[in-house]
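Report on the structure given below.
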Amino acid sequence: MKKIFFILACVFISFQINAQNIAGTWNGKLEVSGMSMRLVFHISDSNGVYSSTMDSPDQGANGIHVDKTNFENGMLTLEIPAGNFVYNGELKGDSIIGSLSQHGMKFPINLVRDNKEKTVLKRPQEPVSPYPYYTEDVIFENKNAHINLGGTLTLPKKEGNFPVVILITGSGPQNRNEEILGHKPFLVIADYLTKNGIAVFRYDDRGVGQSKGNFYNSTSADFASDVKSAIEYLKTRKEINSKKIGLVGHSEGGLIAPMVASTCKDVNFIVLLAGPGLQGNELMLLQKEKIERRMGVPDSIITKGQNMYKGAYALIVNAKDTIYLRKNVHSYFSGFLGSKVTNEQINELTDQIITPWFIYFLQTNPTNYLVKVKCPVLALNGENDLQVPYKENLEAIQSALSKGGNKKVKIISLPGLNHLFQESKTGLPQEYSAIEQTFSPTALEAMTKWIQDQVK
């Protein structure tokens, strides 16, 4: 009798495990290098066939496709082979107890179902209206591209004639505040500069907010034409001193600013905030290496990744046309990775780097524009910047400007600041959202003082 009961109990327990529904949203925190990074998994169940996507809110990444989702006997497995990512966990009530393996490292991470608790982000620098200056939302036209763009002009006072800076966003579709991970750095910068007598013009990227156009079919050259259109618009405003127009570009914006200044005589000065000095393919490889080393990724994995992407980028940089480029890159990845990944995964990997913007970026060398810039230049970089590492890029910027004979140059590296110019511990992108500070007061003061000197 005891034997029969034991068998029946096992059957009942097994049935209960398999009947448990894993579908839903699961939240967890990954502890890496002394900091936490949120991961969110969205698991769907279609007649017993599971699929899922992953969000990494602290990296601004959403909807990442999970290639394999398996749930059996209470055990969950999630795999993204292209990222060498595997999560294994055991369902226990409304929690999943498990760990994530990636690049030869293993990290414990437990997931909880439908965590409704919302993190209140503290952003003490973010200004709140009413502002002690004049603000106006406007629409201006890029006549060459036949699109309208929406922006905001802030003036120290409604009446008067003021010097102005145009803020140029970094890579990716961003609004006029360059909003990222709960931070609005361009709002903070505009507020600070306007309070210090400098008018500021900032606008939504193409296809974002009030701006028309297609962001994903555009390149840095297209964004440079948007900046030129902003200059033409500001020249029509009586409140703007047309002889004192400056550009402030962050990250990719620090590439676009010299692109414009090298050909436009209306630009009086430029500020490069973590602007690239290295060609795109070199910068992306350096960025990847710096971030992975800071994360503690083994040298063997770093070397393999460098070799793989170096070859892929070389195909793009040396391509004379793009007709067969996708096919060539796809074949290259297939040969490099072999049977370790599926054709679908190779397609995804190829699609990530075969876009108009990325091809243009990899092929572009900032030196070609910097040598032609004759107006005053301020280049600022944080020494904790892992995306545009300060030493290599500031040296390249200084070298290019010197080669062009420009002596009106100031180069500043700021200890402890990351790519967003926050006071940081690691500099890793996962840290950005956890830091309350949006933009270092030290960087704001240095930039403002220099601009004021240029517009006296």
Side-chain angles (χ1 to χ4, degrees), residues 22 26 30 32 37 39-44 46 49-56 59-72 75-89 98-107 109 216 280-281 284-293 295-319 322-359 361-362 429-430:
I22 197 75
W26 296 86
L30 177 66
V32 179
M37 178 176 67
L39 293 179
V40 182
F41 297 97
H42 305 281
I43 302 177
S44 300
S46 178
V49 178
Y50 294 101
S51 62
S52 59
T53 61
M54 180 180 77
D55 299 339
S56 179
Q59 294 178 300
N62 298 308
I64 300 168
H65 176 66
V66 176
D67 296 272
K68 178 182 177 181
T69 303
N70 184 62
F71 180 63
E72 188 174 356
M75 300 299 297
L76 173 68
T77 300
L78 304 168
E79 295 184 13
I80 307 176
N84 202 16
F85 176 108
V86 179
Y87 178 80
N88 290 299
S99 62
L100 182 153
S101 299
Q102 188 175 35
H103 298 308
M105 299 181 292
K106 193 172 184 179
F107 308 97
I109 174 173
Y216 295 99
N281 60 321
M284 295 308 295
L285 289 171
L286 181 63
Q287 177 187 112
K288 178 176 168 60
E289 179 185 359
K290 293 281 188 181
I291 290 175
E292 289 177 346
R293 288 201 185 282
M295 290 181 67
V297 174
D299 287 346
S300 60
I301 300 297
I302 293 174
T303 300
K304 184 177 180 180
Q306 289 288 305
N307 291 337
M308 182 176 77
Y309 280 101
K310 185 176 182 179
Y313 292 166
L315 288 174
I316 295 173
V317 170
N318 297 320
T322 59
I323 297 176
Y324 301 106
L325 184 56
R326 190 188 187 284
K327 180 180 178 181
N328 291 340
V329 172
H330 186 281
S331 297
Y332 169 80
F333 279 137
S334 294
F336 194 97
L337 295 170
S339 60
K340 295 179 181 179
V341 295
T342 66
N343 188 64
E344 182 182 355
Q345 291 158 2
I346 294 293
N347 285 334
E348 291 181 4
L349 194 58
T350 303
D351 290 341
Q352 288 174 9
I353 65 173
I354 301 299
T355 68
W357 178 85
F358 200 66
I359 292 171
F361 185 76
L362 292 182
Q430 296 94 315

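FYI, side chains are in, hydrogens and waters are out, and symmetry mates aren't considered; it's all heavy atoms of this structure. Note that the numbering runs from 1 along the sequence shown for the chain.
- The residue from Leu76, Thr69, Ile22 that alone fulfils the side-chain contact (heavy atoms from CB on, under 4.5 Å) condition with Ser52 is Thr69.
- Glu72 is not listed as a side-chain neighbour of Thr77, based on a closest heavy-atom distance of 4.5 Å or more.
- Using a 4.5 Å heavy-atom threshold, the side chains of Arg293 and Asp299 count as touching.
- For the pair Gln352 and Leu349, the minimum side-chain heavy-atom distance is below 4.5 Å.
- Distance check: Met54 CE to His65 NE2 gives 12.0 Å after rounding to the nearest 0.5 Å.
- Side-chain contact between Ile353 and Phe333: present, with at least one pair of heavy atoms (C-beta onward) separated by less than 4.5 Å.
- A 4.5 Å side-chain heavy-atom check between Met308 and Leu337 finds at least one atom pair inside the cut-off.
- Between Ile291 atom CD1 and Gln430 atom CD the span is 7.5 Å, to the nearest 0.5 Å.
- With values rounded to the nearest 0.5 angstrom, Leu362 atom CG is found 11.0 Å from Asn318 atom CG.
- Taking 4.5 Å as the limit, some side-chain heavy atom of Ile316 sits within range of a side-chain heavy atom of Ile354.
- Closest approach of His330 to Thr350, counting heavy atoms only: CA-OG1, 3.5 Å.
- The shortest non-hydrogen separation linking Asn88 to Val86 is ND2-CG1, 3.6 Å.
- Here the side chain of Asp67 pairs no donor or acceptor atom with the backbone of Ile80 at under 3.5 angstrom.
- Between the side chain of Thr342 and the backbone N or O of Gln345, at least one donor-acceptor pair lies under 3.5 Å.
- The shortest distance between side-chain heavy atoms of Tyr87 and Ile109 falls below 4.5 Å.
- The closest donor-acceptor contact from the side chain of Gln306 to the backbone of Leu285 lies under 3.5 Å.
- Residues meeting the ring-ring contact (aromatic ring centres under 6.0 Å, His included) test with Tyr313, sequence neighbours left out: Tyr309, Phe358.
- If you take CG on Asp55 and CG on Leu39, they are separated by 9.0 Å, rounding to the nearest 0.5 Å.
- Residue pairs meeting the salt bridge (charged side-chain N to carboxylate O under 4.0 Å, His left out) criterion with at least one member in residues 350-359, sequence neighbours excluded, are Arg326-Asp351.
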**Request:** Check the pair Trp26 / Ile43 against side chain to side chain contact (heavy atoms under 4.5 Å, CB included), numbers first and verdict last.
**Result:** CA-CA 8 Å; Trp26 296 86; Ile43 302 177; 3.9 Å; yes
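- In terms of heavy-atom proximity, Asn307 sits nearest to Tyr332 at O-OH, 3.2 Å.
- Distance CG/Leu78 to CG/Leu100: 9.0 Å, rounded to 0.5 Å.
- Scored by the salt bridge (Lys or Arg N to Asp or Glu O under 4.0 Å) test, Lys68 finds Glu79 as partners (sequence neighbours excluded).
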